[in-house]
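One structure is given below, represented as structure tokens, and several questions about it will come after.
Counting convention: from 1, in listed order, for ligands and their atoms alike.
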Amino acid sequence: MTPGTSTGRLAERVAVVTGAAGGIGEATARLLAHEGASVVLADYMGDRVADHAADLRNAGYNAVGVATDVRDLHQVRRAIETATDHFGRLDILHNNVGVNFHNLIGDASEEHFLECLNINLLSVYRGCHVAAPIMTIQGSGSIVNTSSVQGLMGFRTYAAYATAKAGILGLTRQMAVDYGPSGIRVNAVLPGAVDTPMWRAEVATTDDYAAEIEASAQRIPLQRIGTPEDIAQAVLYLAGDESSFVTGQQLVVDGGLSIAGSRPNEP
Ligand SMILES: NC(=O)c1ccc[n+]([C@@H]2O[C@H](COP(=O)([O-])OP(=O)(O)OC[C@H]3O[C@@H](n4cnc5c(N)ncnc54)[C@H](O)[C@@H]3O)[C@@H](O)[C@H]2O)c1
């Protein structure tokens, strides 16, 4: 199959997006396809990525869904090799899967902490471990890892999650240094509060969801919660040629959440 479409910012590129069943990953997979890339959508919700891929194909794009649990190296390898088998190359890898874990170090069992690192950080290692040799042989590639503002800032009860998200930033920098000479760029996107199933599950503590969104938005200088498409646009920038001199960087997309201070009595 010829990779991608011949028009768009990612014409004839091939991309793999993990966590593509919903939220940020789905929005990114759709945007990359609209910009001309052939896309492999990987997620452990295999039926959902198969449906999204069928939608995209019906709209004239190249897309395949692959049931993938990112806790398993063999499944990650299969997802990435789906890109090379179907479309002949691998230009873009968006390591996007993430799951919130709440804990205080004093209460968190070693098992709980390790499981959080497994899903949120080792998944990124697995994707990079498989993709880097393929991209090295090609002499080009762009990897975008989804971290979080929680990789930079402390929020209560996120010890393991914040550790994983900060670890992604270290891995991103290190890979950028090691693989830059091979033509591979590696960057991180750091979302703030983004309206996805994950974020809704976090904030929906009462029935008045609209009020909770409003309260969260007031803490953000741009006075709104992000959309999955806001993050997808940042991934598109980092994935494509517009960022060809950018590597090892942390692109914060949070409406200003992480640069705003607050007084003790402010929300
Ligand atoms: N939504 C936010 O406010 C926010 C903020 C900062 C960072 N992030 C990060 O953005 C990324 C995407 O988050 P989202 O908000 O879109 O979440 P989401 O829950 O909407 O989507 C995550 C996707 O990952 C998939 N997934 C979970 N575990 C998996 C596994 N083991 N193997 C394969 N797939 C798995 C889920 O099925 C889901 O489709 C995550 O890395 C998250 O940590 C999100």
Is Asp230 paired with Arg224 through a side-chain N to carboxylate O contact shorter than 4.0 Å?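 A salt bridge is present here (some side-chain N lies under 4.0 Å from a carboxylate O).
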Show your reasoning for whether side-chain contact (heavy atoms from CB on, under 4.5 Å) applies to Leu41 and Val66. CA-CA 6 Å; Leu41 297 91; Val66 184; over 6 Å; no
Would you please test Asp55 and Asp51 for side-chain contact (heavy atoms from CB on, under 4.5 Å) and show each step? CA-CA 6 Å; Asp55 271 0; Asp51 288 349; 5.8 Å; no
Salt bridge flag under 4.0 Å for residues Asp241 and Arg9: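 Looking at Asp241 and Arg9, the cut-off is not met.
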Between the side chains of Arg173 and Asp178, is the shortest nitrogen-to-carboxylate-oxygen separation below 4.0 Å, so that they form an ion pair?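 No.
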Arg89 bridged to Asp91 by N-O distance under 4.0 Å: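 Yes, charged N to carboxylate O under 4.0 Å.
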Just to be sure I understand the cut-off, which residues have at least one non-hydrogen atom under 4.0 angstrom from an atom of ligand 1?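 The answer is Gly19, Ala21, Gly22, Gly23, Ile24, Asp43, Tyr44, Met45, Thr68, Asp69, Val70, Arg71, Asn96, Val97, Gly98, Val99, Thr146, Ser147, Ser148, Tyr161, Lys165, Pro191, Gly192, Ala193, Val194, Thr196, Pro197, Met198, Trp199, counting any residue whose heavy atom sits under 4.0 Å from ligand 1.
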